[in-house]
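What follows is a set of notes on a single structure, which appears directly below.
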Amino acid sequence: MYLQHYGLTQKPFDISPDPSFLWRGEKHQEGLAILKYGILENKGFLLITGDVGTGKTALIRTIEKEVQASAIIVTIPDPGLELIDFYNFLASELNMGRSFTSKAEFLIQFKRLLLSSFTAQKRVLLIVDESQRLSHNLLEEIRLLSNIDLEGKVLVNIFFVGQSEFRQLLAKDENRSVRQRITVSYHIQPLTENETLQYIQHRLKVAGAKGAIFSADAMQAVFGSTRGYPRLINIVCDHALMTGYARGTTAVGRDIIEECTNELRVTMGLEIPAAAAHAATAVPVPQPLPETQAVSNPKAMRGLLVLAGCMALVAAAWLIWGDGISDTLAKWGKRPETQAVADPTAATEAFVSSPAPPLPVQPGARALNPAEP
């Protein structure tokens, strides 16, 4: 999409089978020389390890290309197999023309193939990729394949390629027989800052770039965010080219790299920047409603359950004894004086017609006769 925009003929940061894209820094040159020596001299067991994205696959491809004329190369991409499945996969890659149901049948045919290859002056190279996934049992079976020799001459070279965890696997005491047979080993380190700059420039040049596309500050920013891992360098640089194309610029500066790094933080395995973390804490977080807090509190939940149970008991009691309770409350609520004064006229007549009570007589006084003046 962006090739014409930058004057490129190929995508510079894709995983390309083209060997011209393979950049060989000092570390890779050293590792390549050591491993080629081990293969050509029939050293038997070889080992290459490195962290994820350090370029192990690129190094394997280079080795395969340089020794394929004099070797039969078989690559096991995933060693997480059962034993018989491992043998059948190996037989298929070696073009044995059949499958096997027993270990003995496979070993007979495998030995014949090794002897015929030795006669034809062809080395057999077995590359076990992702070796950190090997079980102890399968690792031991692979070791036993190397016991097939001809008068002490090695007939098969076994090349372990894996992440750094494979060295921890080999360090176990149960795997010491394999560990002691490894004669050549190399561990790939990430690129330095200077090597990162050279790597980016090499990729752009092979892709057809006529001038500088990434500024020096941009390439330094790439190293700072990727820590020199080639796979991450490819991802960030490709994303930066797309961003520059979208902006209509033919120059990639530090600002574009920093923007791409922020967008690829999950891929890069980076933490949230301090500014973003501060912004996240500055935004007020909505507080849950009191009801939500009460429900989320175990004690409050128990209280609500007890209250609900009490209300249920009250409701049940009301359904059973409600009418009787209502009548009783109605009787308690009636007042006699209220009933007496319900008719004001009758109350007045009753008051007038009722005789007045006699007045109390003090000692020594006589009672008055109403008829007397």
Side-chain angles (χ1 to χ4, degrees), residues 15 19 21-67 71 73-80 125-136 138-140 142-143 146 154 156-200 202-203 222-235 268-269:
I15 299 176
F21 275 90
L22 298 177
W23 178 79
R24 302 179 186 179
E26 181 179 349
K27 296 183 181 68
H28 292 78
Q29 290 281 22
E30 180 183 357
L32 182 62
I34 292 174
L35 296 171
K36 280 179 61 179
Y37 164 78
I39 295 171
L40 297 177
E41 296 297 325
N42 278 339
K43 291 296 183 179
F45 282 74
L46 301 88
L47 171 63
I48 178 173
T49 56
D51 203 355
V52 178
T54 50
K56 299 185 298 294
T57 301
L59 196 57
I60 292 173
R61 287 176 178 172
T62 304
I63 293 173
E64 290 176 345
K65 182 177 179 59
E66 296 194 6
V67 302
I73 302 173
V74 178
T75 301
I76 307 295
D78 182 6
L125 175 61
L126 174 59
I127 300 176
V128 184
D129 202 0
E130 301 293 341
S131 296
Q132 73 278 357
R133 286 176 47 80
L134 280 167
S135 65
H136 165 69
L138 187 52
L139 185 60
E140 189 67 14
I142 294 174
R143 179 188 70 83
S146 66
V154 176
V156 57
N157 288 282
I158 299 174
F159 187 2
F160 293 114
V161 181
Q163 298 174 17
S164 303
E165 291 81 359
F166 184 59
R167 291 181 177 267
Q168 300 174 8
L169 181 64
L170 290 176
K172 295 182 178 180
D173 188 63
E174 61 183 2
N175 296 323
R176 63 186 182 279
S177 58
V178 177
R179 181 177 67 245
Q180 292 173 1
R181 291 199 178 198
I182 296 176
T183 56
V184 177
S185 66
Y186 188 77
H187 184 75
I188 301 179
Q189 298 287 348
L191 304 180
T192 64
E193 181 176 349
N194 186 48
E195 289 173 335
T196 300
L197 270 60
Q198 295 178 26
Y199 177 84
I200 296 173
H202 169 78
R203 285 267 183 163
V222 170
F223 173 75
S225 62
T226 63
R227 303 179 298 281
Y229 287 83
R231 181 181 299 169
L232 297 180
I233 294 173
N234 291 344
I235 294 173
M268 309 301 294

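Hydrogens, waters and symmetry mates are skipped; everything else that's a heavy atom, side chains included, is used. Heads up: numbering here begins at 1 and tracks the sequence.
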Rounded to the nearest 0.5 Å, what's the gap from [atom1] on [X] to [atom2] on [Y]? Could you check?
X: F159; Y: L47; atom1: CZ; atom2: CG; value: 8.0 Å
X: D173; Y: R179; atom1: CG; atom2: CZ; value: 7.0 Å
X: F160; Y: L126; atom1: CZ; atom2: CG; value: 8.0 Å
X: L46; Y: I63; atom1: CG; atom2: CD1; value: 8.5 Å
X: Y199; Y: N234; atom1: OH; atom2: CG; value: 3.5 Å
X: S225; Y: I233; atom1: OG; atom2: CD1; value: 8.5 Å

Test item: [X] and [Y] side chains (from C-beta on) under 4.5 Å apart, heavy atoms:
X: L197; Y: E193; result: yes
X: E64; Y: T75; result: yes
X: I142; Y: L134; result: yes

Provide the closest heavy-atom pair for [X] versus [Y] in the form atom of the first, atom of the second, distance.
X: F166; Y: S131; result: CD1-O, 3.3 Å
X: S177; Y: R143; result: OG-NE, 3.3 Å
X: T49; Y: Q163; result: CG2-O, 4.0 Å
X: N194; Y: Q198; result: ND2-NE2, 2.9 Å
X: G53; Y: P230; result: O-CD, 3.0 Å
X: G50; Y: K56; result: O-NZ, 3.2 Å

Could you pull out all residues at least two apart from [X] that satisfy side chain to side chain donor-acceptor pair (under 3.5 Å)?
X: R181; result: S146, N147
X: D129; result: none
X: Y229; result: D51

Could you list the residues that satisfy salt bridge (charged side-chain N to carboxylate O under 4.0 Å, His left out) with R133, not counting sequence neighbours?
->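 Result, salt bridge (charged side-chain N to carboxylate O under 4.0 Å, His left out) vs R133: D78.
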Using side-chain contact (heavy atoms from CB on, under 4.5 Å) as the criterion, list what pairs up with I34, not counting sequence neighbours.
-> E30, V184, Y186
With sequence neighbours left out, the residues meeting side-chain contact (heavy atoms from CB on, under 4.5 Å) with E174 are H136, K172
Show the numbers, then the answer: is there a side chain to side chain contact (heavy atoms under 4.5 Å, CB included) between L59 and V161?
-> CA-CA 10 Å; L59 196 57; V161 181; over 6 Å; no
Is a donor on one side and an acceptor on the other found under 3.5 Å between the side chain of [X] and the backbone of [Y]?
X: T196; Y: F223; answer: no
X: T54; Y: P190; answer: no
X: R61; Y: A58; answer: no

